[in-house]
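Any value given below was found using the heavy atoms of this structure, including those in side chains, with hydrogens, waters and symmetry copies removed. One-based numbering along the sequence shown.
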Amino acid sequence: MCFERGAPRRFDQVIGADGLHSNVRRLVFGAEDQFTEPVSPYGARHLGEARALFLFRAGELKYHYRDVPRQKSVVREAFVGMHPEVDRWQAELDRTPVFYFDSVIQLRMDSWSRGRVTLVGDAGYRPGPAVGGSTSLAVIGA
């Protein structure tokens, strides 16, 4: 297997614990979109600070999951001119230290392992967005 910054090497076992957009899963099982299913969001009252949650329905969006400026642009485009209060909230996008943008999906795979490669946690069986416990699920899965 060849990792991003290294020469090809052989390993006795590879554990993919690299999250929802798993590179290990992509290399071994194929493109992410064949394993994703949309799911519904839920509340997050347990947080100790105010958060704004912008949900919108769209077709396939073109953005890289690490391209935060593009993600913020997608949010702005989806809600532009909706209401002055929404515009005010969106003005905070450039000032917020906390920003998370992703599709609301669940992973469904026939198998979490292939040969000597195994996926754990969000890389293999993400139960849904921000449900908490992903690290615990990874440890239990391992």
side-chain contact (heavy atoms from CB on, under 4.5 Å) filter on D67, not counting sequence neighbours, yields H64, P69, R70
Across all chains, not counting sequence neighbours, the side-chain contact (heavy atoms from CB on, under 4.5 Å) partners of T118 are Q13, I15, S113, V120
Within this structure, what is the [atom1]-[atom2] distance for the pair [X] and [Y], rounded to the nearest 0.5 Å?
X: Q34; Y: R26; atom1: CD; atom2: CZ; result: 12.0 Å
X: Y65; Y: Q71; atom1: OH; atom2: CD; result: 11.0 Å
X: L119; Y: F29; atom1: CG; atom2: CZ; result: 4.5 Å

Using side-chain heavy atoms (C-beta onward) and a distance below 4.5 Å, is [X] in contact with [Y]?
X: R88; Y: H83; value: no
X: F54; Y: W89; value: yes
X: F11; Y: V117; value: no

So, for [X] and [Y], which heavy atoms are closest and what is the spacing to 0.1 Å?
X: L107; Y: A123; answer: CD1-O, 3.8 Å
X: H21; Y: D102; answer: NE2-OD2, 2.8 Å
X: D122; Y: R25; answer: O-NH1, 4.0 Å

R76 meets the salt bridge (Lys or Arg N to Asp or Glu O under 4.0 Å) criterion, sequence neighbours left out, with D94
Please determine whether side-chain contact (heavy atoms from CB on, under 4.5 Å) holds for the pair F35 and R108, giving the CA-CA distance in whole Å, both sets of side-chain angles, and the decisive distance to 0.1 Å.
CA-CA 5 Å; F35 306 114; R108 291 186 187 260; 6.0 Å; no
Q. Centres of the Y63 and F101 rings: under 6.0 Å?
A. yes
Any donor-acceptor pair under 3.5 Å from D87 side chain to V80 backbone: no
Looking at F99, I'd like to know if the NZ or CZ of K72 sits under 6.0 Å from its six-membered ring centre while staying within 45 degrees of the ring's axis.
yes
